[in-house]
Amino acid sequence: MTGRRVAALAAGVFLVACAAALVGTAVGPLEALAVVSGTADPLTAAIVGDVRLPRVLVGLAAGACLGLAGTVLQAVLRNPLASPEVTGVGSGAVLGAVAATLVGGAVATPAGVLGVALAGGVLGGGLLWLLAARAGADPLRLAVLGVLVSAVLGGGTLVLLTARPQLAGSMARWLVGSLAGRSWEHWAALWPPLLGCAVAGMLIAPVLGLLAVDDDHARGLGLAVAGWRSAALLVAVLATASAVASVGALAFVGLLAPHAARALVGADHRVLLPAAAVAGAGVVGAADAVAQLLTQLVIGLALDTGRQIGVPAGAVTAVAGAVVLIGIVRRRSREIVGEEA
Amino acid sequence: VSRPVLGTTSALVVAVVLVTAALALGQPAVPPLRLPAVLAADGGIEHVVVTQLRAPRLVLGVLAGAALGVAGLLLQESLRNPLAVPELLGVSSGAAAAVAVTVVFALPVPFAPLLPALAGAALGALLTVLAVRGAVGPAAVLLIGAGVSAALQAVMLAATAVTGSQEQGVLVRYLLGSLAGTTWATVGVALPGLLVAAPLVVVALPALGLLRLGGEAATVLGLRAGAARGGVLAVACLLTAAVVGPAGPIAWVGFVAPQLVRVLAPGLRPVPGLLACAGAGAAVVVAADLLARTVLHPVELPVGGLTAAVAVTAGTVLLVLRRTGVAR
C-alpha cells in the first residue's frame with residue numbers, strides 16, 4: 001500500500017522534473033521535446049542538455065537533501081516545525097557558504113564551500129541547542145528562538161554581501177535560493193553528499209522513530225540516545241549544507257516536504273525518509289517550473305529588464321512554505337490549548 | 001539628586017555626545033571644537049560635508065529611530081508581547097516589499113514612497129491578523145507573523161532578481177535599512193507621514209494604557225478592546241511605513257528601544273515612557289549609523305545589519321533568561 005504510494009510519488013516527481021525541463025525562456029516546450037526525438041538543431045540541444053538538464057537535476061538533488069534534513073530534524077527535535085530555516089542550520093550554512101565564496105582561492109571550490117557551509121550549519125544548530133537547553137521544550141518557543149538565531153545569522157550574511165559588492169549580484173541566490181546558472185559542475189559537487197546522506201539516513205531511519213517518541217523509551221530499549229541523536233543531527237546538517245552550498249537557502253522546502261510525505265505515507269520513518277526526499281525533490285522541481293513560468297509572464301508584460309536571473313525558485317517555496325507553516329502553527333496552538341483545557 | 005533629574009541629565013549628555021560625534025566623525029574629520037565655526041562658515045568642503053551630508057543623515061536617523069521606537073512600544077503594549085515588533089508581524093517587510101517593487105519596476109505611484117509603504121504595511125499586518133485568527137498564544141502569533149514576513153521578503157527578493165537590479169543599494173535598504181545617500185530631500189520624504197502620525201500617537205495613548213491591562217480588563221473599564229487595538233496597530237503601521245519609505249526597515253529598533261527603556265528606567269509613566277522610547281530609538285539608530293559608516297570606511301555597512309545583530313542578540317538573551325517571556 002505505502003509502497004504503491006511512494007512509487008506514485010516518485011512518478012509524480014518524474015513528471016514534474018520533465019515539466020521543469022520543458023519550460024524556460026529561450027526554448028519553448030515543443031522545441032525541447034524535439035531534443036528527445038533527436039530532431040532539434042544543435043543550439044536547442046545544447047540549451048536543453050547543458051543548461052536545463054543540470055539545472056533540473058541540481059534542483060531535484062537539493063530538494064531531496066532538504067527533505068531528508070527536515071524529516072530528521074523534526075524527528076530528533078520532536079518538533080513538527082523544525083526545519084533548516086527554523087533551527088538556524090539553514091541560515092548558518094548560507095553564512096558559511098557566503099564567507100567561503102568571499103575568501104576565495106582554494107576555499108571557494110565546491111568542496112571548500114561545502115565544508116565551510118557545514119561548519120556554519122553546525123554553528124547555527126549549536127547556537128539553538130545552547131539556547132534551547134535553557135528555554136524548555138515547548139515546540140513553538142523553540143521555533144521562535146530558531147527564527148531569532150536565523151535572523152542574527154541572516155543579518156551577518158547580508159553584512160558580508162554588502163562589504164564585498166562584487167558578490168552582491170548573487171544576493172538573491174544566497175538569500176532565497178535560485179537554480180539559475182547551475183551547471184554540470186554543481187551537479188558533480190552535489191550528488192556524492194546526497195548519496196552519503198541518503199545511505200546514512202536509511203541506516204538511522206529505524207532509530208529515528210524511537211528518538212521521536214522520548215528519551216526514556218529509547219533508552220529502555222537499549223539505545224545509546226546521545227550518540228544516535230548526534231549522528232542524526234550531523235546527517236541533517238550535512239544534507240542542509242550540501243543543498244545550500246549549491247543553490248542557496250531555498251526557504252521552507254525542509255518544512256514542506258516532510259509534511260507532504262507524512263500525509264501520504266504515514267509516520268514510519270523507514271518509509272517516510274525516502275518519501276520526504278522524493279517529495280522535497282518534487283517541491284523544488286515544481287517551484288522552479290512555476291518560477292520559470294512567472295519569469296516568462298513578467299517578461300511578457302514587457303517590463304524593463306536588465307541583466308536578469310529570473311524569479312528565484314526559493315521565492316516560490318518561501319511563499320508556499322509560509323502558508324504551510326502558518327497552518328501548522330494554528331493547528332498546533334489549538335492542540336496545546338485543547339490539552340490544557 | 002532625584003531620579004527623573006538624573007535620568008534627563010544623562011539622556012541629554014548622551015544626546016549631545018551622539019550629535020557631536022555624528023557631525024564630526026568621518027572623512028574629513030572635523031574637531032568637535034571647530035564644529036560651530038564650520039557650521040557658520042560660508043562654503044568650504046567641511047561646511048558642505050557637515051551641512052549637506054552629515055546633518056540630513058543625522059536628522060533622518062533621529063526621526064526614523066524615534067518613529068520605530070514608538071511603533072515598537074505601541075505594538076508591544078497593545079499585543080502585550082515583548083517580542084511583538086514590526087519585523088515579526090509582517091509590517092516592516094510588507095512596507096519594504098511594496099516600496100521595493102515600485103522602485104525596481106519604476107511604477108508611477110502617487111505619493112511614493114509613503115503610499116506604497118503604507119499599503120504594504122497594512123497588507124502585511126492584515127495578512128498576519130487574518131492568519132492569526134483562531135491561533136492561541138503569543139508564540140504562535142509571532143511564528144505566524146514571521147511566516148508572513150518571510151513570504152513578503154521573498155516577493156521583494158523575486159522582484160529585484162527579475163529586474164536584475166544592479167542597484168544593490170535598493171535591495172540592502174529594503175531588506176535591512178540604510179541611511180546611505182541621505183539628503184535633505186530624503187528627510188522631506190519622511191516628514192509628511194510622521195507629521196500625520198504624531199498627533200495620532202497622542203490620541204492613542206489613553207487606549208494604550210488600558211490595553212496594557214489586557215482585553216477583558218480594558219472592556220470592563222469601558223474600552224472597545226478590539227477596535228482600540230486595531231487603531232493602535234494602524235498608528236504603528238503608519239509610523240513604520242513613514243520610515244520604511246526613505247530608509248528601509250531599520251531592523252529591530254522597534255524591539256530594542258522599548259527594552260532599553262524598560263531596563264534603564266523601569267516603571268515610567270505613559271507619556272515620559274513614550275518620549276523615552278522615542279529618544280532611545282533615535283540614539284540607537286544614530287549610534288549604529290555612526291558605526292556603520294566609520295568602522296569599515298570606505299565600505300558602508302547597512303545600519304540595519306548592526307541594529308539587527310545587537311537587538312536580536314538582546315532579544316534571544318531576554319527570551320532565554322525570562323523563561324516565561326513568550327510562553328505566557
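Order of the sequence lines fixes the chain letters, A, B, ..., with proteins taken first and strands second; residue numbering starts at 1 for each chain. In this text, all values refer to a predicted model and were calculated from it rather than measured experimentally. Atoms considered below: every heavy atom in the structure, side chains included; atoms not considered: hydrogens, waters and symmetry mates.
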Identify the two heavy atoms, one from [X] and one from [Y], that lie closest to each other, and give their separation to 0.1 Å.
X      : Y      : answer
A:I326 : B:A131 : CG2-CB, 3.7 Å
B:G147 : A:A322 : O-CB, 3.3 Å
B:L143 : A:L325 : O-CD2, 4.0 Å
B:A158 : A:A315 : CB-CB, 3.8 Å
B:I144 : A:R330 : CD1-CG, 3.8 Å

**Request:** Report, by ascending residue number, the residues of residues 286-293 of chain B in heavy-atom contact with chain A at a distance under 4.5 Å; give 'none' if the set is empty.
**Result:**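 Within residues 286-293 of chain B, no residue comes under 4.5 Å from chain A.
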
**Prompt:** Is it the backbone or the side chain of A:V319 that comes under 4.5 Å from a heavy atom of chain B, or both, or neither?
**Reply:**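 For A:V319, backbone and side chain are both near chain B.
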
**Item:** Contact origin within B:A146 toward chain A - heavy atom pairs under 4.5 Å
**Value:**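 Side chain only.
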
